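Structure, as structure tokens:
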Amino acid sequence: MTEKAADRKPLLSKKIDKFFTGLADAWNFLKRFFKEVFVPPYEFREVIHQCYRIGVESLPLIALTGFIVGIVFTNQSRPSLSNFGATSWLPSLIAIAVVRAMGPLVTALIAAGKVGSSIGAEIGSMKVTEQIDAMEVSATNPFKFLVVTRVLATTFMIPVLVMFTDFVALMGSFLSVNANENVSMLTFFVQVFESISFLDIISSVLKALLFGFTIGIVGCYKGYNSSKGTEGVGRAANAAVVMAMFLIFIEELLVLQIVNAIRMM
Amino acid sequence: MEEKVVEIRGLMKSFGDLDVLTGVDLDLYKRENLVVLGKSGSGKSVLIKIMVGLLKQDSGTMNVLGKEVSTLKTKELNALRLRIGFSFQNSALYDSMTVRENMEFPLVRNIKNLTKKEITAKIEGLLDSVGLPQTINQMPSELSGGQKKRIGVARTLILEPEIMLYDEPTAGLDPITCGEINTLINQVRQEYNTSSIVITHDLTCAKETGDRMAVLLDGQFGSIGTFEEVFPHAEDKRIKSFYDYNFINS
């Protein structure tokens, strides 16, 4: 007779066993994504639909947040620069801060809250109400239809949203600089583009792709593995946000180290 | 002898240390309505989920329409799934889609070259036959429990399956709606020539829809036969209490 899972004694402790089992599950989920993403049929229509949902519907929130970040960061930086008589550096400072770090980070955190939680809750609710099973018995691959499409959509749309946030934040900053230092738009943006390099833009886009992928895959993973009814759906949505935000900060740190190393070469 | 469409032998399934099915043997014949009864958690739904490949058995065989389900590759399994309709306990209608989109979903993904006109005609025809033509543009959240069940059945019928699996079709419904669902199950067999397995613990539903009853007790079928053979004079206390509870309380 085969040994049953529950009869097996945990190797270390139940919690550590659970942690490593979870890690293995997540790894298998990731592997399955990369396996399914390249195999036809491709769900183009659903990817476009999800891009619309994730991109267009997040736009107002992202725009407002980016605009406020631009104004607030400019106003917070002004007194420090003014102590050294260096307020003319404001456009450069803001440009570097927004393009290199704040744009991708703020966009990703907002998207993790809005998009990640919605993906986690939606797929979680489909799981507990057997909609995923219904899809499977109608000969549709639910992983491809629900997971692959959403992960691709977040991966494609977060970079677009980041560029939009960068632009709106710089516009907010310009309004503040224009009102206080009487700098024209042309002068402001000339300074902005002089201070950012190609590496800054490339690293920002790559970071955004990574953040987008993280938000999508974590939301889908948590939703797809939710259980215990409506309580499980809530937990999935919550865990999708918390885990995505945590990973985004770690990725930010890692990418920063890599980009700095490239910069020094 | 009638043709067998499902043949189950020695089927076993456990979840952790919980043995759910411990050697199930069952046959389903062509155009037969077979009712599987049993208390909650007895493994009734597990049985039909194994039938469509949503779960895999630990041992035993599950032969559906001449194919051993556990050995099928994804493509073959999907082809088999198109010949089986599965009506879920909670209807499992896609929340984010209208009734029309719900019904379109399996159709457009599995049958190519259909014109919009043909798709609409098929959807409207099925909605008519389940008595809900007016719901075509409604969202599932706007439907009652009974309506959801009917749309769920209509959605599975759109691919014209040979076997219908009903998971607790009357659970959570009022007696009148239960009666309507029972009529619908019989009507489906009549119109679509389907063989069906009805999973339930509602004896009224069983009596009205089933040709044969199979009672799942401790992971095996304790008794199989017509309603009259299985219930009124049952010797097994568990079957007797099942009968007494349903009919004394109704």
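So you know, we letter chains A, B, ... as the sequences are listed, proteins then strands, and number each from 1. Worth saying up front: this structure is predicted, and the values here are computed from it rather than measured.
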Selection from B/Asp95, B/Leu80, B/Val52 maximising heavy-atom pairs under 4.5 Å formed with chain A: B/Asp95
B/Phe15, CZ atom: more than 12 neighbouring heavy atoms under 6.0 Å: yes
Region of B/Leu93 in contact with chain A, defined by heavy-atom distances below 4.5 Å: backbone
Pairing of B/Lys49 and A/Glu136 as salt bridge, 4.0 angstrom limit: no
Taking every non-hydrogen atom, the tightest pair across B/Leu82 and A/Ser138: CD2-O, 4.1 Å
A/Tyr42 OH: over 12 foreign heavy atoms closer than 6.0 Å: yes
More than 12 heavy atoms of other groups within 6.0 Å of A/Met243 CE: no
Check against side chain to side chain contact (heavy atoms under 4.5 Å, CB included), A/Glu43 and B/Arg109: CA-CA 11 Å; A/Glu43 305 280 358; B/Arg109 301 183 70 80; 2.3 Å; yes
Heavy-atom contact with chain A under 4.5 Å, split by part of B/Asn110: side chain
Intermediate values then yes/no, side chain to side chain contact (heavy atoms under 4.5 Å, CB included), B/Ile84 and A/Val137: CA-CA 8 Å; B/Ile84 306 171; A/Val137 297; over 6 Å; no
Option that, when pairs with chain B are counted at under 4.5 Å, heavy atom only, ranks first among A/Thr129, A/Asn141, A/Asp133: A/Asp133
Aromatic ring proximity, centroids under 6.0 angstrom, B/Phe105 and A/Phe145: yes
Minimum heavy-atom distance B/Tyr94-A/Met126, with the two atoms named: CD2-CE, 4.3 Å
Pairs of heavy atoms under 4.5 Å with chain B: top-ranked of A/Pro41, A/Ala139, A/Ser125: A/Ala139
From B/Ser96 atom OG to A/His49 atom NE2, the distance as rounded to the nearest 0.5 Å: 6.5 Å
Distance in Å, B/Asp167 CG paired with A/Glu130 CD, rounded so as to fall on 0.5 Å steps: 6.5 Å
Residues from residues 113-120 of chain B approaching chain A under 4.5 Å (heavy atoms): none
Over 12 non-hydrogen atoms of neighbours within 6.0 angstrom of NZ in B/Lys122: yes
